[in-house]
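Chain identifiers are assigned alphabetically (A, B, ...) following the order of the sequence lines, protein sequences preceding nucleic acid strands; residue numbering begins at 1 within each chain. Only this structure's heavy atoms are used, side chains among them; waters, hydrogens and symmetry mates stay out.
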Amino acid sequence: MPELPEVETIVRALRNGGRGDASILHRRIQSVDLRWARTLASSEAGEFERRLIGQEINDVARRGKYVVIHLDGEFLLIHLRMSGDLRVETPPLAPPSTHDRLIISFTDGTRLVFNDTRKFGRVWLTKDMNSVTGSLGPEPFDSGLSPEIFFHNLHSKKKYIKSLLLDQSFLAGLGNIYVDESLHRANIHPLRPSNSLSPDESGRLLEAIRKTLTDGINNNGASIDWVYRGGDFQNNFRVYQQTGKPCLVCGTPIERIVSGQRGTHFCPRCQPKGVVV
DNA sequence: CCTGAAACCTGTCTGC
DNA sequence: TGCAGACAGGTTTCAG
């Protein structure tokens with residue numbers, strides 16, 4: 001589900017409050033209720049609970065699509081995958097909901113709830129964050145990711161640009177929505193080989209990715225169906241799930257193809273297959 | 001190295 | 001109304 005803007009929105013809410021949630025900073029863990037064992041990616045349930053209890057939340061951050069919760073000398077990492085969400089509850093507490101997978105209760109009576117309909121989400125507890133996030137590519141907003149380096153990276157691979165942008169080891173944080181939206185903004189066909197992009201196209205693409213993600217964050221992410229709450233970016237989609245509707249730029253109907261088992265939306269006129277000079 | 005398919009899951013929507 | 005099939009914001013693993 002959540003891509004970078006949705007995860008960023010959740011992280012900001014957990015850190016500073018917002019989106020209907022109270023901040024969880026500086027709360028201390030009193031008890032842990034693991035309701036779906038396979039939510040744990042690393043440790044075993046008993047050890048996981050024993051290690052968590054007594055630790056304090058020192059910070060909440062994001063790396064790629066991971067929520068990174070800083071504890072006392074170790075990290076609780078949460079990946080929301082397709083349908084995960086996090087919420088903070090304050091008394092009076094209601095009974096757990098159907099799809100609550102992990103409930104972390106704090107000593108002050110509040111709690112952090114990980115809800116995940118499709119059970120794809122995973123949680124890690126580790127002292128070595130790198131063992132989980134070490135294979136991720138750069139953050140899209142990393143100032144070290146210059147147009148020159150991005151161009152070089154694109155040309156070190158020859159995958160379809162759509163597939164490459166979804167590859168978290170190439171660039172961390174993009175998912176199906178923001179890739180389709182970025183490619184449309186940059187006027188690049190999703191099935192262009194990554195090493196066929198010109199320097200100009202490469203530069204446009206990096207700019208488009210950053211602009212699209214910024215728009216997403218400023219709209220608190222995108223809410224679709226029951227999966228995510230609070231965001232408005234779904235009202236600004238250019239191509240994602242707009243099949244058959246006129247392109248906002250040229251009026252040509254948006255097309256949908258499948259690439260890498262992912263629905264892929266694009267404007268056949270604005271995003272031609274050949275290089276546009 | 002690259003692509004596609006399957007697997008992990010539940011829920012919604014569409015069409016017959 | 002029922003039911004089959006497609007589809008869904010992600011990632012990993014395996015076959016070709």
Quick one: is [N] close enough that its OP1 or OP2 comes under 4.0 Å of any side-chain N or O from [X]?
| X | N | result |
| --- | --- | --- |
| A:Lys158 | B:dT3 | no |
| A:His79 | C:dT11 | yes |
| A:Lys65 | C:dG10 | yes |
| A:His99 | B:dG11 | yes |
| A:Arg262 | C:dG10 | yes |

Check your understanding: Do A:Phe237 and A:Tyr178 have their ring centres less than 6.0 Å from each other?
Key -> no
Check your understanding: Between A:His184 and A:Phe266, does the ring centroid distance fall short of 6.0 Å?
Key -> no
**Study point:** Per-pair stack call A:Phe120 and B:dC8, 5.5 Å, 30°
**Key:** yes
[X] has a side chain; which of [options] sits nearest to it?
| X | options | answer |
| --- | --- | --- |
| A:Arg256 | C:dT11, B:dT10, C:dC7 | C:dC7 |
| A:Thr117 | B:dG11, C:dG9, B:dG4 | B:dG11 |
| A:Gln168 | B:dG4, C:dT11, B:dG11 | C:dT11 |
| A:Trp36 | B:dC2, C:dG9, B:dC9 | B:dC9 |
| A:Gln261 | B:dC9, B:dG11, B:dA5 | B:dA5 |

Check your understanding: Taking the side chain from A:Ser194 and the backbone from A:Lys157, do they hold a donor-acceptor pair closer than 3.5 Å?
Key -> yes
**Study point:** A:Tyr240 backbone acceptor or donor facing A:Glu181 side chain under 3.5 Å
**Key:** yes
Would you mind classifying the nucleic acid contact of [X] as base, sugar-phosphate or nothing, using non-hydrogen atoms under 4.0 angstrom?
| X | result |
| --- | --- |
| A:Arg38 | sugar-phosphate |
| A:Gly260 | sugar-phosphate |
| A:Tyr240 | sugar-phosphate |

With [atom1] as the reference atom in both, quote the distance from [N] to [M] in angstrom, rounded to an integer.
| N | M | atom1 | result |
| --- | --- | --- | --- |
| C:dG9 | B:dC2 | C1' | 25 Å |
| B:dA6 | C:dA6 | P | 12 Å |
| B:dC1 | C:dG10 | C1' | 22 Å |

Practice item. Look at the rings of A:His70 and A:Phe75 and say which category their plane angle falls in: under 30° parallel, 30 to 60° tilted, over 60° perpendicular. Key: perpendicular
Exercise for review: Give the stems involving DNA chain C, where a stem is 3 or more consecutive Watson-Crick or G-U wobble pairs (i with j, i+1 with j-1, and so on) under 3.5 Å.
Suggested key: B:2-8 with C:10-16, B:10-16 with C:2-8
Exercise for review: For residues A:Asp59 and A:Val68, determine if any side-chain heavy atom of one lies less than 4.5 Å from a side-chain heavy atom of the other.
Suggested key: no
Check your understanding: To the nearest 0.5 Å, what is the distance between NZ (A:Lys127) and CG (A:Leu71)?
Key -> 10.0 Å
